[in-house]
Number of protein chains: 2
Amino acid sequence: MKRITIKDLARHLLLSTSTVSRALVNDQHIHPETRAKVLEAARKFGYKRNPAALNLKYGLSKNIGLVVPEMVTPFSSKVLRGIQNILYPLGYRIIITESDEDPHRERENLLLLEEFNVDGIIINLCDKKQNQEVHQQLLERGIPLVFFDRIPSGALEAPQVRVDDAKHAAAMVEHLIATGKKRIVHLKGPDNVLNSEERAGGYIGVMKKYGLYDPGLVIEAGGLSFDDGRKAAELLLKKAVDFDSLFAFTDTLAIGAMNFLLEKQILIPRDVSVSSFSGTELATMIYPQLTSVEPPLMRMGEMAANLILAKIEDIGAENKVVFLDAELKVRSSTQDK
Amino acid sequence: MKRITIKDLARHLLLSTSTVSRALVNDQHIHPETRAKVLEAARKFGYKRNPAALNLKYGLSKNIGLVVPEMVTPFSSKVLRGIQNILYPLGYRIIITESDEDPHRERENLLLLEEFNVDGIIINLCDKKQNQEVHQQLLERGIPLVFFDRIPSGALEAPQVRVDDAKHAAAMVEHLIATGKKRIVHLKGPDNVLNSEERAGGYIGVMKKYGLYDPGLVIEAGGLSFDDGRKAAELLLKKAVDFDSLFAFTDTLAIGAMNFLLEKQILIPRDVSVSSFSGTELATMIYPQLTSVEPPLMRMGEMAANLILAKIEDIGAENKVVFLDAELKVRSSTQDK
DNA sequence: GTGAAAGCGCTAACAA
DNA sequence: TTGTTAGCGCTTTCAC
């Protein structure tokens with residue numbers, strides 16, 4: 001079944017295609033009656049404008065690329081939701097790619113998106129500097145980039161949406177201390193993620209403030225998976241670190257660690273309380289539910305979408321760095337009842 | 001920075017655009033030397049073909065729509081991965097929409113995708129019949145549909161990829177019985193999902209076969225969320241149903257129920273063993289890990305992609321119903337150690 | 001207020 | 001082997 005075009009309508013109404021077009025785009029210079037007739041016919045025949053024609057005409061594809069490190073947790077899908085809220089009503093399509101925490105894949109995804117002729121790319125990095133040249137290259141080719149959550153280390157000329165990692169990490173540690181914990185382990189994120197340093201910084205600051213800091217309490221997770229969290233907990237026990245609580249870089253690490261502790265008959269929160277950063281629904285799916293710092297993911301997506309729109313409209317638009325406020329959600333994993 | 005076109009290359013090389021085009025598409029009728037020159041220039045100037053122009057020319061958008069009920073669990077993202085494996089190398093873009101288990105939203109998504117001019121739609125339903133007319137309409141308008149996992153109830157003229165729900169449910173119940181369980185509760189999925197009936201059917205068949213069937217053991221979950229699972233478990237205790245194990249329609253239900261039981265100090269698997277259908281990574285993120293029937297999600301996506309390609313190529317292609325084999329993964333939630 | 005024509009980038013039939 | 005031309009669907013000058 002052939003798609004109905006403006007030409008079909010014109011032929012049917014004995015009008016020129018330009019008049020039909022004018023009616024459809026609500027041009028001023030058209031007789032109201034004519035417009036009405038066209039609109040009626042369009043409705044009747046189920047006319048749909050062909051996006052490809054517009055893309056060609058205006059040189060804009062109305063495609064936005066999204067690059068995320070993983071889609072196993074609901075983190076990215078929440079952000080996606082926010083992006084869609086803004087972009088779908090404006091007729092943009094969103095093309096999602098997953099890097100699998102692998103900079104090499106991320107690179108391929110970026111090139112794929114360029115191939116797809118996207119008008120801009122919203123990205124959550126898997127590595128703070130591995131693909132800097134690609135990012136730079138894309139920017140130079142006029143494809144705007146917006147970073148969110150995990151941002152690049154250098155001062156790349158692009159807008160960012162993030163939370164204040166140090167501040168919120170500090171708040172979490174304050175919370176643990178307020179519940180009487182003293183030996184707080186930090187499961188630090190991997191070195192190749194900028195936020196690792198910042199969250200660790202927030203942790204260290206508060207620990208020092210209370211005279212609780214002990215480098216032996218900081219343990220670096222090799223990656224960001226459940227398994228990495230699990231292994232970190234294993235190491236903790238093997239090294240016989242004395243600890244009463246745990247603050248993990250991320251949900252997945254916390255849950256991985258928690259499951260290992262549970263297996264070892266260590267009760268949570270009775271024996272060890274557990275908390276994390278970057279909480280998602282995942283935190284409420286497990287037992288006990290996980291105390292976590294929760295960034296406003298949907299708003300993060302909406303903000304990123306708005307920033308990319310601004311850059312698409314005017315490539316010279318300011319490269320804002322937007323900080324959103326995260327929320328500290330206290331749940332059973334840090335709360336004896 | 002302006003995008004470089006075929007025209008720019010032609011001008012630079014003092015050739016016609018058609019010659020350049022021929023070189024780029026590997027046409028036979030071209031001097032090898034000329035081709036080499038063109039390819040070299042294309043590489044040098046970073047030429048990228050404009051997809052929009054091709055879309056316009058051939059009337060194909062190279063966009064495929066994906067409609068999924070939720071993206072909180074990794075289910076959909078696994079299927080997506082499979083779809084991408086097939087479709088990205090062929091230059092297709094994939095546009096993802098989430099229905100949020102709401103037929104109304106699903107309908108909007110479908111219309112949005114039509115608006116976006118997709119060449120086909122791959123869909124996992126949230127309701128077995130609510131949007132039948134829309135599906136029918138899309139098919140009539142020449143937009144092929146492929147269903148996967150949760151399929152429509154009527155005999156819609158479209159390919160499907162699924163697993164044998166009854167068979168695998170039966171296998172799971174057999175497993176529970178083999179571990180000595182007799183009072184096996186089934187957390188049945190909601191009525192508006194076709195698979196609910198089929199999985200329940202598999203359950204009932206085996207229960208009857210062993211003379212264990214008791215209608216009081218079947219409890220219908222109002223929906224598919226964690227909370228629905230939780231509430232179902234609550235009801236179970238309130239009604240003082242005597243049970244030693246539980247087979248849930250889906251991961252989310254099982255986990256919701258499990259968490260409630262754990263809160264009530266009911267140990268898993270010691271007091272009650274728990275299992276589910278449609279397992280995802282989620283099953284391994286929790287403690288204890290969940291025994292589940294795991295459909296080959298990535299292959300499901302790949303298969304769906306292949307089916308939609310066949311339909312795009314030839315709208316009259318056979319409407320195959322493909323059954324994939326799922327795997328019964330036995331984990332700690334049904335295994336005393 | 002309406003129509004004719006050009007053009008966005010690319011390909012393919014037709015000429016040469 | 002290469003060039004010319006038309007056309008995909010739409011918008012937008014420029015005439016009238």
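Other residues, nucleotides and ligands place more than 12 heavy atoms under 6.0 Å from the CD atom of B:E133. By the 6.0 Å contact criterion, NZ on A:K48 is enclosed, its count of non-hydrogen atoms from other residues, nucleotides or ligands being greater than 12. For B:H31, the NE2 atom sits in a packed shell: over 12 heavy atoms of surrounding residues, nucleotides or ligands are nearer than 6.0 Å. Heavy atoms from other residues, nucleotides or ligands lying under 6.0 Å from CD of A:E157 number 12 at most. Sparse packing is recorded around CZ of A:R107, with 12 or fewer heavy atoms of other residues, nucleotides or ligands lying under 6.0 Å away. Other residues, nucleotides and ligands contribute at most 12 non-hydrogen atoms within 6.0 Å of the CZ atom of A:R49.
In 5' to 3' order, the nucleotides of DNA chain C bounding all contacts with chain B (an atom under 4.0 Å from a heavy atom) are C:dC8 to C:dA13.
Residue-level contact check: A:H29 touches the bases, meaning some heavy atom is under 4.0 Å from a base atom.
Heavy-atom minimum distance, A:F147 versus A:A158: CE1-CB, 3.7 Å. The heavy-atom pair separating A:D149 from A:N195 by the smallest distance is O-ND2, 3.0 Å.
The separation between B:R35 atom CZ and D:dT2 atom P is 10 Å, rounded to whole Å.
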Heavy-atom protein contacts under 4.0 Å, nucleotides 8-16 of chain D, coded B base, S sugar-phosphate only, - none:
BBBBBB---
